Trainee: 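One structure is given below, represented as structure tokens, and several questions about it will come after.
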Amino acid sequence: MDKIEQDRLKKEVAEKAADMVKSGMILGVGTGSTVAFFIDALGKRKDEDGLKLKAIVTTSNRSKKQLEGLGFKVSELADIDQADLTVDGSDRVADNLDGIKGGGGALTLEKNVAINSKKIVWIVDESKLVHRLSGFPLPVEVLPISCEQNFRRFEQEGLKPQWRMDGDKRYITHYGNYIIDLAADPVPAPHGLADYLDHTVGVVEHGLFLDMCDEVIIAHSDGTIEDKIK
């Protein structure tokens, strides 16, 4: 499938997700190429249908700039109580709608927006689908102060850690931390691993999004759109 066809499908799932947005909502908006089409579709609805949102929060500066360019006012997560709906992408989605996120490095903000949302919808193409979580390194954001100890501990656990790099330097997150990508594949016992990471001192956040997503809208290469609801 060429890029033109892929973009057409992304646009289609994005427009379907945009149709779920109602005036008066507090909306969470993620990031990524498919979400960019979703933001465009929101702008179209604003112009054509008079869509008015109570508030919007985003998970990236890129999405924020795109929304503001279309005339939307973007709020900080701290300024709202809870989003009615969050639309985002995902790096991998398993059959049970668990996901791996954070390939772009924004996992901490993405999870904070997600956990403070009444409903979560992911929009993806079929390349992101897996039976069980695999095929993508699991991002773990760590504090610089104890990152070396975390790295060694992950090595000892057989999780195959790798530093996320930005050129010849370690990648630095929005919050000034590092990312260790765990290359163990498939993800071993996702709920157990999530619990282990949640209780590891020095870990800020990880990219396992378990029991969070309510619905996934999928663009298939044969031109069909699939809606999976938990």
Side-chain angles (χ1 to χ4, degrees), residues 10 28-36 38-39 57-64 77 83 86-94 96-117 120-125 127-130 132-144 146-147 150-151 153-155 157 159-167 169-214 216:
K10 287 181 177 181
V29 178
T31 192
S33 58
T34 309
V35 174
F38 169 72
I39 294 171
V57 294
T58 72
T59 65
S60 75
N61 284 328
R62 186 170 62 181
S63 292
K64 181 181 180 183
L77 181 60
T86 289
V87 177
D88 203 350
S90 188
D91 296 305
R92 287 293 181 273
V93 182
N96 64 353
L97 304 195
D98 285 346
I100 295 174
K101 288 175 54 57
L107 57 153
T108 298
L109 187 50
E110 287 172 346
K111 191 170 282 188
N112 275 273
V113 171
I115 205 73
N116 291 295
S117 302
I120 297 169
V121 175
W122 289 341
I123 49 178
V124 299
D125 63 66
S127 69
K128 308 297 173 64
L129 302 180
V130 288
R132 56 180 294 199
L133 292 178
S134 58
F136 197 89
L138 174 66
V140 181
E141 185 166 347
V142 294
L143 294 171
S146 53
C147 64
N150 289 143
F151 192 96
R153 193 170 291 122
F154 296 155
E155 274 187 322
E157 294 290 343
L159 296 172
K160 302 180 180 177
Q162 303 166 346
W163 292 109
R164 174 86 57 96
M165 302 300 290
D166 182 9
K169 296 180 180 179
R170 289 179 187 173
Y171 176 87
I172 297 175
T173 70
H174 177 76
Y175 299 104
N177 301 314
Y178 298 141
I179 288 180
I180 298 173
D181 289 312
L182 303 181
D185 195 34
V187 173
H191 280 85
L193 180 56
D195 186 65
Y196 165 73
L197 293 170
D198 286 339
H199 290 88
T200 298
V201 174
V203 168
V204 177
E205 195 49 85
H206 56 79
L208 285 168
F209 283 60
L210 310 179
D211 305 313
M212 292 177 121
C213 182
D214 300 293
V216 180

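Scope of the values below: all heavy atoms of this structure, side chains included, with no hydrogens, waters or symmetry mates. Model, not experiment: these values are computed from the prediction.
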Trainee: When you compare the side chains of H174 and N61, does any donor N or O come within less than 3.5 Å of an acceptor on the partner?
Mentor: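 Short answer, no.
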Trainee: So, for P186 and R132, which heavy atoms are closest and what is the spacing to 0.1 Å?
Mentor: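 Nearest pair, atom of P186 first, then R132: CG-CZ, 3.6 Å.
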Trainee: Using atom types as modelled and distance alone, determine if a side-chain donor or acceptor of N112 lies under 3.5 Å from a backbone N or O of T108.
Mentor: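 Yes: the side chain of N112 pairs with the backbone of T108.
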Trainee: Could you tell me which non-hydrogen atom of T58 sits nearest to which non-hydrogen atom of S63, and how far apart they are?
Mentor: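 It is CB-CB, 4.2 Å.
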Trainee: When you measure from the centre of the six-membered ring of Y178, is the NZ or CZ of R170 under 6.0 Å away and within 45° of the axis?
Mentor: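 Yes, a cation-pi geometry.
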Trainee: Closest heavy-atom contact between S134 and I100?
Mentor: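 The pair with the smallest heavy-atom distance is N-CD1, 4.5 Å.
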Trainee: Check for a donor-acceptor pair, side chain of D91 on one end and backbone N or O of G103 on the other, with a separation under 3.5 Å.
Mentor: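 Checked: pair present.
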Trainee: Please tell me if the side chains of V124 and T34 come closer than 4.5 Å, counting only heavy atoms from C-beta onward.
Mentor: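 No, side chains not in contact.
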Trainee: Testing the basics here: between A184 and K160, what is the closest heavy-atom pair and its distance to 0.1 Å?
Mentor: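 Reported closest heavy-atom pair: N-CB, 3.9 Å.
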Trainee: State whether a side-chain donor-acceptor pair under 3.5 Å links T86 with D88.
Mentor: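 D88 and T86 do not have a side-chain donor-acceptor pair below 3.5 Å.
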Trainee: Any sub-3.5 Å donor-acceptor pair from N150's side-chain atoms to P144's backbone N or O?
Mentor: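 Looks like no, no N/O pair under 3.5 Å.
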Trainee: For K111 and L208, indicate whether the former's side chain and the latter's backbone hold a donor-acceptor pair under 3.5 Å.
Mentor: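 Pair found, side chain donor or acceptor close to backbone of L208.
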Trainee: Would the distance check show the side chain of R92 and the main-chain N or O of G135 forming a donor-acceptor pair, the cut-off being under 3.5 Å?
Mentor: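 Yes, the answer is positive, given that a donor and an acceptor are paired below the 3.5 Å cut-off.
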Trainee: Taking all heavy atoms of A83 and all of G28, pick out the closest pair and write down the distance.
Mentor: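 Scanning both residues completely, I find the closest heavy atoms to be CB-N, 4.0 Å.
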Trainee: What is the distance from atom CG of L133 to atom CG of D185, rounded to the nearest 0.5 Å?
Mentor: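 CG of D185 is found 10.0 Å from CG of L133.
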Trainee: Would a distance-only check, ignoring hydrogens and angles, find a side-chain to backbone donor-acceptor pair under 3.5 Å from D214 to I120?
Mentor: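 Side chain of D214 to backbone of I120: a pair is present.
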Trainee: If you compare all heavy atoms of P161 against all heavy atoms of E155, which two are closest, and at what distance to 0.1 Å?
Mentor: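 Closest approach of P161 to E155, heavy atoms only: CG-CG, 3.4 Å.
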Trainee: Between the side chains of S60 and T31, is a donor N or O closer than 3.5 angstrom to an acceptor N or O?
Mentor: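 Result is yes, a qualifying pair exists.
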Trainee: Tell me, yes or no, whether the heavy-atom count around L77 atom CG, taken from other residues, nucleotides or ligands under 6.0 Å, exceeds 12.
Mentor: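 Count over threshold, so yes.
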Trainee: Under 3.5 Å, side chain of D98 to main-chain N/O of D211, donor-acceptor pair present?
Mentor: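 Present.
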Trainee: Can you find a heavy atom in the side chain of H206 that is under 4.5 Å from one in the side chain of Y196?
Mentor: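 No, side chains not in contact.
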Trainee: Would you call the rings of F151 and W163 parallel, tilted or perpendicular, taking 30° and 60° as the class edges?
Mentor: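 Judged by the thresholds at 30° and 60°, the geometry between F151 and W163 is parallel.
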